[in-house]
Amino acid sequence: MSTLATQPAAAAIAANPNARIAKKILVLGATSGIAEATCRIWAAEGAQLFLVARNAEKLAAVAADLKLRGASYVGTAVADLDETDKHAELLTHAVNSLTGMDIAYLAHGILGDQARGEQEFQHAAQVIYTNFLAPVSLLTWLANYCVQRHAGVIAVLSSVAGERGRKSIYIYGSSKAGLTTFLGGLRNRVDREGVTVITIKPGPVDTAMTAHMKIKKADVHKVAASIVKAIDKRMDTLYVPSIFQPIMFIVRHIPERIFKRLNL
Ligand SMILES: NC(=O)c1ccc[n+]([C@@H]2O[C@H](COP(=O)([O-])OP(=O)(O)OC[C@H]3O[C@@H](n4cnc5c(N)ncnc54)[C@H](OP(=O)(O)O)[C@@H]3O)[C@@H](O)[C@H]2O)c1
């Protein structure tokens with residue numbers, strides 16, 4: 001774990017009075033295309049950011065860029081988020097560096113290779129571990145932290161792929177279905193404690209994750225703008241682009257005897 005900021009958030013606040021009202025945001029998987037675009041908006045608002053990613057070089061570049069764009073504080077830690085035994089130490093360090101936390105944003109994930117996962121259990125298990133089990137560990141710590149303070153927003157990137165099992169993407173889809181269900185239950189538990197849990201369900205977005213796919217993809221900056229608005233409004237669920245809300249309603253309701261014959 002390493003921090004980039006030369007001064008802790010408290011010192012940054014003292015140096016810049018505007019930072020007193022700046023949001024304190026923890027970003028897990030900060031080098032993700034969607035996370036970086038979201039952080040650019042927060043940086044322009046003067047937010048205080050703590051960024052976690054596993055690639056030190058990419059993380060340093062993102063952090064430097066966000067400082068230039070106006071973030072009032074940028075702390076960083078290099079971490080492989082699959083290492084669940086290190087989560088408590090990592091998250092404690094992050095919230096101490098921020099001297100609190102208004103928003104936790106979980107953005108890391110892997111698409112995996114569906115064809116490979118159909119043959120190799122270990123590959124399927126890796127996708128489910130990174131996208132579901134590791135987030136469960138992070139979310140458990142974060143939810144308990146927020147409940148103790150009766151405050152906080154936890155925003156998580158799930159996916160429309162979790163809405164129904166499809167042959168082209170059911171390993172990734174099932175990891176996101178598990179995550180979506182976990183988030184629904186967590187929301188049901190912590191909403192009465194003053195804590196907001198937001199499930200973000202993007203359709204295909206133009207990032208490194210989908211670079212190999214020849215399909216229509218949403219612009220990452222538009223997606224990020226919708227995510228920031230949803231967090232400000234403390235929504236429960238965001239489909240982005242919004243057209244995916246009616247699309248997925250239809251997909252969920254296609255009778256199984258028809259659905260199983262479709263090439264989706
Ligand atoms: N793009 C889409 O169409 C789409 C649609 C629906 C949902 N989503 C979800 O949105 C989130 C962000 O995706 P994206 O499109 O921004 O993809 P991306 O640019 O490929 O970003 C994924 C990020 O996750 C990080 N990551 C993966 N495993 C990690 C681990 N064990 N520890 C730490 N970091 C790890 C990657 O780090 P490295 O750079 O080091 O590999 C990368 O920064 C993901 O959860 C994804 O499933 C994306």
Side-chain angles (χ1 to χ4, degrees), residues 1 26-40 50-63 76-87 90-91 94 104-114 123 125-139 154-164 166 168-180 182-183 198-224 226-227 230 237-245 247-248:
M1 234 182 285
L26 166 60
V27 185
L28 297 151
T31 54
S32 109
I34 297 176
E36 187 181 359
T38 315
C39 287
R40 286 184 179 192
F50 193 94
L51 313 175
V52 179
R54 64 180 169 183
N55 181 315
E57 209 175 314
K58 277 200 239 172
L59 178 60
V62 169
T76 63
V78 176
D80 183 334
L81 293 171
D82 284 348
E83 294 178 357
T84 52
D85 55 330
K86 297 188 180 154
H87 283 176
L90 171 71
L91 296 171
Y105 185 39
L106 267 72
H108 76 289
I110 54 172
L111 185 60
D113 179 337
Q114 172 67 30
H123 184 67
Q126 178 65 61
V127 172
I128 289 163
Y129 194 90
T130 300
N131 293 347
F132 180 41
L133 287 177
V136 164
S137 165
L138 294 164
L139 289 164
I154 300 172
V156 184
L157 284 164
S158 187
S159 173
V160 296
E163 303 263 302
R164 193 157 187 184
R166 289 180 283 134
S168 61
I169 195 167
Y170 68 81
I171 296 169
Y172 171 83
S174 59
S175 70
K176 294 296 191 178
L179 181 60
T180 294
F182 185 88
L183 291 169
I198 307 180
T199 309
I200 302 162
K201 297 179 180 178
V205 183
D206 194 5
T207 66
M209 186 173 278
T210 57
H212 62 291
M213 295 180 181
K214 291 190 176 64
I215 49 169
K216 190 167 183 271
K217 298 170 218 170
D219 176 74
V220 71
H221 300 289
K222 288 187 184 159
V223 167
S226 300
I227 290 171
T237 302
L238 172 73
Y239 286 88
V240 60
S242 57
I243 186 67
F244 277 93
Q245 184 153 14
I247 290 175
M248 297 321 293

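Whatever order the structure lists them in is the order used to number ligands and atoms, beginning at 1.
- Counting only heavy atoms from C-beta outward, the side chains of Val62 and Cys39 never approach each other to under 4.5 Å.
- Contacts of Tyr172 classified as ring pair (Phe, Tyr, Trp, His ring centres under 6.0 Å), with partners at least two apart in sequence or in another chain: none.
- Contact residues of ligand 1 (protein heavy atom closer than 4.0 angstrom to a ligand atom; sorted by chain and number): Thr31, Ser32, Gly33, Ile34, Arg54, Asn55, Lys58, Ala79, Asp80, Leu81, Asp82, Ala107, His108, Gly109, Ile110, Thr130, Leu157, Ser158, Ser159, Tyr172, Lys176, Pro202, Gly203, Pro204, Val205, Thr207, Met209, Thr210.
- For Gln245, the side-chain hydrogen bond (donor to acceptor under 3.5 Å, both in side chains) criterion is met by no residue, not counting sequence neighbours.
- With Asn131 contributing its side chain and Ile110 its backbone, the two residues share a donor-acceptor pair below 3.5 Å.
- Residues passing the side-chain hydrogen bond (donor to acceptor under 3.5 Å, both in side chains) test with Gln114, sequence neighbours excluded: Glu118.
- With hydrogens and angles disregarded, no donor-acceptor distance shorter than 3.5 Å links the side chain of His123 to the backbone of Gly112.
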